[in-house]
Enquirer: 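Following this message is one structure expressed as structure tokens.
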Amino acid sequence: MLEKGWIGGGNTGRNTTIIRSNYLWDESAAIYEHAMKLWEGLSQELNFNLMFSQRGVLTLAHSEHELREMRRRVEAIRLNGIDSDVLTPDEIKRLVPIMDTSPNLRYPVMGGFIQRRGGTARHDAVAWGYARAADARGVDIIQNCAVTGFRIDQGTVRGVETTRGPIRASKVACVVAGHAGVVAEMAGFRLPVTSRPLQALVSEPIKPILDVVIMSNAVHMYVSQSDKGEMVLGAGTDSYNSYTQRGSMTVIEGMLAAAVELFPCLSRLSMLRSWGGIVDTCPDASPIISRTPVRNLYFNCGWGTGGFKATPGSGHVFADLVARDEPNAIAAPFSLDRFVGGYLIDEHGAAGVAH
Amino acid sequence: MADQGAPACVTPIDVLATPPGGPRGAGIAIRERRLLGKLVVRGDTRDTDFIDTVQGTVGTAPPTTPNRCVFHDTLAVIWLGPDEWLVVTPPGREEGLLDALAAEGIVVTDVSDQSTVIRLTGPRAREVLAQGCALDLHPRSFRVGSAAQSRIGRIRTTLWQVDAQPGYDLLVSCSFAAWLWAWLTDAGGEFGVRVEAG
Amino acid sequence: MLLINCPWCGPRDDAEFHYGGEAHILRPANPSALSDEEFAEYLFLQQNPRGLHLERWCHSDGCRRWFNMVRDTATNRILEVYPMGELPSSQSGLAAWRNNWRRNSAAERNARNRVE
Amino acid sequence: MRRRSNRLEKGGRVDRTRPVRFRFDGRDFEGLSGDTLASALLANDVSLVARSFKYHRPRGIVALGVEEPNALVQCGIGNGTTPNQRATRIELTDGLIAASQNRWPLLRADIGAINSLLSPLLPAGFYYKTFMWPPGWWLRYEHWIRRVAGLGRAPPGPDPDHYRQVHAHCDVLVVGAGPAGLAAAAAAGRSGARVILADEQSEPGGSLLAEDDVEIDGRPAADWLPTLIADLQAMPELTVLTRTAVNGLHDHGFLTMLQNRAAHEGTARPRCTLWKVRARHVVLATGAHERPLVFADNDRPGIMLASAVRGYITRYGVTPGRRVAVFCSNDDAYRTALVLVRHGVEVPAIIDVRANTAGPLVDAARAAGLTVHAGHAVVGTSGWHRLRSITIRQLSGDGQTCTGRRRTIRCDALAVSGGWTPAVHLFSQGGGSLAWDEAIGAFLPDATLQQVTPVGGCAGTMSVAGCLAEGHATGGAAACAAGHEEIEAPLPRVLEHSQSLPDHLWTVPHGRPGRPLATHFVDFQNDVTAADVHLAAREGYTSVEHLKRYTTTGMGTDQGKTSNVNALAIMGEVLGSDIPGVGHTTFRPPYTPAAIGAYAGRTIGALFDPVRITAMDPWHRAHGAAFEHVGQWMRAWYYPRPGESMRQAVDREVTAAREAVGLLDASTLGKIDIQGADAAEFLNRVYTNSWLRLQPGRARYGLMLGEDGMVMDDGVTTRLAENHFHMTTTTGGAGTVLDWLEEWLQTEWPDLDVRLTSVTEHWAVAALCGPRSRELLARLCTDIDLSAEAFPFMSMREGTVAGIPARIFRISFSGEISFEINVRRRHGLALWEALVAAGEPLGLCPYGTEAMHVLRAEKGFIIVGQETDGTVTPFDLGMDWIVSKTKTDFIGKRGLDRRDLLAPDRKQLVGLLSEDPRDVIPEGAQVVETVRSRPPMTMIGHVTSSYHSPTCGRPIALALVKGGRSMLGNTVSIPLANRVVGAVVSEPRFFDPEGERMHG
């Protein structure tokens, strides 16, 4: 396993650690629920406490239109066998006392739905736990070693060039969120992904005030409180491609205005640290788990803001694809050729931004 | 809502029914310039006929430098784009002007009621705008005759400076006018706001 | 917070602009002549380099005019802005345009047929 | 009991004539105007001010400024309370109420302190190895962990204060008003450049405020300062901002600065102002932070940074102790010793890790009769709630071990200096790279793409003379670069101690080989010790980011300002690598924690997001309409009469529209004025149907697709004249469509002669519909022949309605005879009132968006965004008729031909009639072919629209169902949470399928 920097240093170490599987489309629900089931036993399997905390993920609706979309999503989720409860504003107020649920808000809380099995996990622990387990199974983890090119002969990958010399391999699997497009170029083909900054921030630690994860697409903000006591906030990606891991202040301001609007008591807390990750996003806001134009070269990318929550599931079906050179039922819909035929899994068109 | 007889005309600021008045020595004053005529004129600046026709009908050639506006007796012509200008007229003058320009085959559209104009004046006007507008309004870079399309707070606004006092005209879509009015009142709160009759 | 130099209005905050993705993507003159694969390249594939990027922006809150820009996505440094329909004037920008795989794509060849 | 006072007889910048009363942990104290909470607490001999995050060890004040790791307090009460405030940054105001945090029940008697006994069991990362069993129990453990975590408390309710934002522009922004910053600002300002000088302290001067051993131009620095500041304030284009922390350096010279205003201007003012600055050039004069030495039990209350001890004496006239020892690895700490002596404070010893100490400062100390233990180190300390004594021993030559006997020195405070760390945060934030400097033992600014120049301490220059010179040169150059004439001015002459080279002893041995360095604290706030760093290294967390995240060093509210370099260096020691090899973590905004409210600014509450209303809105409100948010618009939803339910009101409105006449406010529809010789050709390319032969005065419905063939928007467009069209779009699509059309015109078809102008709000639209609408309109409009022959369906006429100039469109979204009357917005209300008045005798009934939905659903008219979601084609909607077969091209044509879009099993729009005629299927419900006892079940579609139809006297629904067109007549099931609804698949038209009525 080759890592350009330090393991977990990419989006694993930069995301807001939200885990859920309440997606609209069957294909998305299948892979995220597969991941959810694996999350549920992962700490024990890896013998490393990932602090996987099923505190519940509550998604808010702020208009008649959003209520309609919510009902559609909830019904689909339920029939896919995934847990999901609709909550009234009063029930939401009882669950999250610090939330302003008064009807005179610009975007009043008109309802919401909660996935109680959703929640958060300690992102660094996930990387470390997997690394230790992989190491124990004999995987050679090489950090500070960047892939600089591919050895390809007659359309088949034979190995990679790295900053520390060449490595021969009969199969190569790339999971390089943020830089998938750049690595694909090295192999001589293109991916339908764009890489953009995604910003997040934490407040100073305070005593517990929020037990569940809150998401709102209308005011565009999601928030949870970490075990250390920090409020962890995120929003959408910036509008333009960039690899700088720096985003626009406008995004931060919008996110915090929305946060204060919904949680007035956050106003006096202090922002401690803000940062940016680079997410590569597909035109349909769904991932790519696929073979490529180069034989025996595989890509797992394009997760946008959804990569962390899928970790165990995406890794599992990807390993399966690499081993059998054939996608299983869960991975198949996410292959590259969907962009040719046109059968997209449009998670932003229909389901709003997917965090 | 005194106006040129029936049918009654109502502007987006009228419905707020803000009573005129305010503290003595207020830092800013705001008022709606009600029912001004507004025409969008399109044309090619390399086409001398176009320039001459505008000159002839409006009385002044359209400014060809960006971020500028020219004043001609009661009219103001604001640069909106390389082939686009806004002619602001006193109430009622727009129909005549529209017909005159259209008769000359110039692409012109009446947008009088698409937006309204709020006049912002007073010693603290610049500081108030700076609270929501990222433009550099310092006299070294923005003076009388300067114009710009930008954002104030969360909305799109076109503004031009009308005097050195300083005074600004803020052009805003009708449905955002109430928000801008409230925003100005809030932003001016620290300095005192006087509301003047439209 | 980029400071983007609108060719007409001058330097403004990026909040006033709308990002339009890769520049110089010509619409096929006769799309029906393209295979699904070739059309997908036109429809979905965008340059996503870590480095010089030729991209389109629109000054949506200003003069509402579209223009092109060369920006280094690794540093956000802006090399130049230039009008629609023109090519970059900087050598590196021009090279980036020339080295783009799209120059030889079926979709672009199809589009050029209209020009020729 | 009367506490002893640590206030010195003389000295300090406090106003001894103005006492200030305050309360800390429930006890009343008195300080002086000009004090910080920290200096006032020290003056009152309060040494214990906090408990550490993890072990709850007693902690005292360590620093003078923002870098303070320990002294975090909860400030204020009620909704105005603020957690985690640095005592060192809180200006003392009368009646100030503060309390310590993270302790229970009391600061002096804290149950949590048990953790410090358990500390061997709670090393770095212990969470990851415990609490795993039994599976699923983590949530229970976590509940308790969360309760003990966190520092202060959030306020219970909304913030009583408000926050402002202001944009600013300048040629030169100088960050930091110490010697370097002042010199830079002066040089730049003199040239007439627009300059902003920002400093986070309450007055400009920086380190000069705390130096009583530096002379400038023959005067003590503190006396020289006012003249310079007066000069600056006389410059018209120079702004000095105090209490202003520059928190972020972003791209292209954009900076964010947080100005604290309530602190001195009272609460009528905003609490803070967030400055958003565009600077052509940035001068970083941010100075440097002193760092402690890492030795055994180095965290006891009373152990402080040497520069802080000096600062409390010279700025506040407060000494932290009566017997203050000094422990250092450099000359600078000797200045502290000398200051202490000058103020009559006993200095029992100077312990200097350097074996051969020499130089003027050392001589001065010896001359002052101080004992200097060269080549010695502090190996231990005693005292629980305050330092009682230190133990020192000689160091071995390599500094790795101790030799000789232990000596104990009694003291109640210890001034520590391990060297200086330049504040390179902003430089790094802005994309600048850093390089390790061995001499000063810290990272220095290296390269940057931005117009940013570090000077003074930030650049590693520690002497006042050096700072003044660098600032002077840089400020002038920056002004020149901005196009200003540099004006010569002499450099001030500086008299100060010269200093010999420091040494770097990263870990001070405790002389107990084999024993872990379990109380060698590196990060005070997060209780990270040298032992934790060693453990991280042993377990392979050697990358600097892993070290930070595993041990949490540098992740406290101080962001490791005093601890980062020490942590890196110790990791370097363990790995046997140099510090550049270990690397450094990236610096992220903000430089100091900043109020979230300031970033939200005023765009909250009423100003959060504009509410858009139409010209008729006053009437809707006056008549008790219920409203619906549609994007930013507020639209009348329905008009309930007293005692009416929504269902009853909507039924009444629908029936009136079908049987008499209804009136809808349709003003929010997007409208675009399209002119130019190629206007028709343009429409032909952006709509799926053909537009070339549309006659002037006639209208046509159009569907817009994206290039992918998916439905994007729809609307009716009318040809006003040969080269002049009036396009309407959906309410939500108004902006998007205009931008979309402009994009095609400007980027793809610049050759087309077409001009677009938005007239959405220029026109107010009142839509009359229903069998009696013509009759009603005839009463108000006499200058148009309204007969079906003269004014047919899908055409437009101009005339006057109720004396108001109007454009009338005969188009219908209800299936009834309909007249959409467009007048200028100013007349919208007048028109509406005239129609209502004239319509009353004819049974006119205004109706809202809900009735509009029912009316169109009865007719099977789609709503973009409800029947479509970006994945639906015209064919899916059964609208093949509107897709031209003859046009060679239009936007979306090729997209429609893609393989998967032609598949027979795509979701297609159909009607659904529930078997139980009282059962309105919920919108969003999912359709299945076969119901299973429990999920999962295979879904074949979903309900997009569903209403009770008063016209049909039964529920109707529209749905997208896989292969639905081939299932007409079949029965499908809709399994809901509590029941299963059966429904028959039907044509998606429930009323007047041939559409005779609207043509009438």
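Naming convention: chains lettered A, B, ... in sequence-line order (proteins, then strands); numbering from 1 in each chain.
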Enquirer: Quick one: which of D/G676, D/S758, D/G828 has the most heavy-atom pairs under 4.5 Å with chain B, could you say?
Expert: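 Winner by heavy-atom pair count: D/S758.
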Enquirer: Under 4.5 Å between any side-chain heavy atoms of D/L258 and D/T244, yes or no?
Expert: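 The answer is no; the side chains never approach within 4.5 Å.
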Enquirer: B/V111, B/D110, B/V107: which one forms the most heavy-atom pairs within less than 4.5 Å of chain D?
Expert: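 When all of B/V111, B/D110, B/V107 are compared, B/D110 has the most.
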Enquirer: Minimum heavy-atom separation for D/N822 and D/H726, please, with both atom names.
Expert: OD1-NE2, 4.3 Å
Enquirer: So what's closer than 4.5 Å to chain B heavy atoms on D/W275: side chain, backbone, both or neither?
Expert: neither
Enquirer: Looking at D/R824, D/Q632, D/E833, D/Q165, which one has more heavy-atom pairs under 4.5 Å with chain B than the rest?
Expert: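 Of D/R824, D/Q632, D/E833, D/Q165, D/R824 has the most heavy-atom pairs under 4.5 Å with chain B.
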Enquirer: Non-hydrogen atoms of chain B under 4.5 Å away: do they reach the side chain of D/P618, the backbone, both or neither?
Expert: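 Only the side chain of D/P618 comes within 4.5 Å of chain B.
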Enquirer: Where does D/A615 contact chain B at under 4.5 Å (heavy atoms): side chain, backbone, both or neither?
Expert: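 Looking at D/A615, nothing touches chain B.
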Enquirer: Testing the 3.5 Å rule here: is there a donor-acceptor pair between the side chains of B/Q131 and D/H167?
Expert: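 Judged by distance alone, the side chains do not pair up.
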Enquirer: Any chance the side chains of B/D14 and B/T11 put a donor and an acceptor closer than 3.5 Å?
Expert: yes
Enquirer: Does B/R154 make a cation-pi contact with D/F608, if we ask for NZ or CZ under 6.0 Å from the ring centre and within 45° of the axis?
Expert: yes
Enquirer: Which atoms of B/L135 come close to chain D, meaning under 4.5 Å heavy atom to heavy atom: side chain ones, backbone ones, both, or neither?
Expert: backbone
Enquirer: So for B/V40, is it side chain, backbone, both, or neither that comes closer than 4.5 Å to the heavy atoms of chain D?
Expert: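 Side chain only.
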Enquirer: So which of D/D609, D/T603, D/N723 has the largest heavy-atom pair count under 4.5 angstrom toward chain B?
Expert: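 That would be D/T603.
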Enquirer: Side-chain contact test, heavy atoms from C-beta onward, threshold under 4.5 Å: evaluate it for B/Q161 versus B/P166 and give yes or no.
Expert: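 With C-beta onward as the side chain, the pair touches.
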Enquirer: Determine the option with the most heavy-atom pairs under 4.5 angstrom with chain D, choosing from B/A178, B/P12, B/A182, B/S115.
Expert: B/P12
Enquirer: Can you tell which part of D/L607 gets under 4.5 Å to a heavy atom of chain B, answering side chain, backbone, both or neither?
Expert: both
Enquirer: Sort D/R278 into side chain, backbone, both or neither according to what part of it lies under 4.5 angstrom from a heavy atom of chain B.
Expert: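 It is neither, since no heavy atom gets under 4.5 Å.
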Enquirer: Counting only heavy atoms closer than 4.5 Å, note whether D/I674 contacts chain B via side chain, backbone, both or neither.
Expert: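 The answer is neither part of D/I674.
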Enquirer: Does D/R621 make a cation-pi contact with D/F627 (under 6.0 Å, within 45 degrees of the axis)?
Expert: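 Yes, cation above the ring, under 6.0 Å and within 45°.
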Enquirer: Pick one: which of B/L159, B/T158, B/I155 meets side-chain contact (heavy atoms from CB on, under 4.5 Å) with B/V172?
Expert: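 The single option meeting the side-chain contact (heavy atoms from CB on, under 4.5 Å) with B/V172 is B/I155.
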Enquirer: So which residue, B/S141, B/G132, B/G189, B/G153, ends up with the most heavy-atom pairs under 4.5 Å with chain D?
Expert: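 The option with the most such pairs is B/G132.
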Enquirer: Between atom OG1 of D/T757 and atom CG of D/D673, what is the distance when rounded to the nearest 0.5 Å?
Expert: 5.5 Å
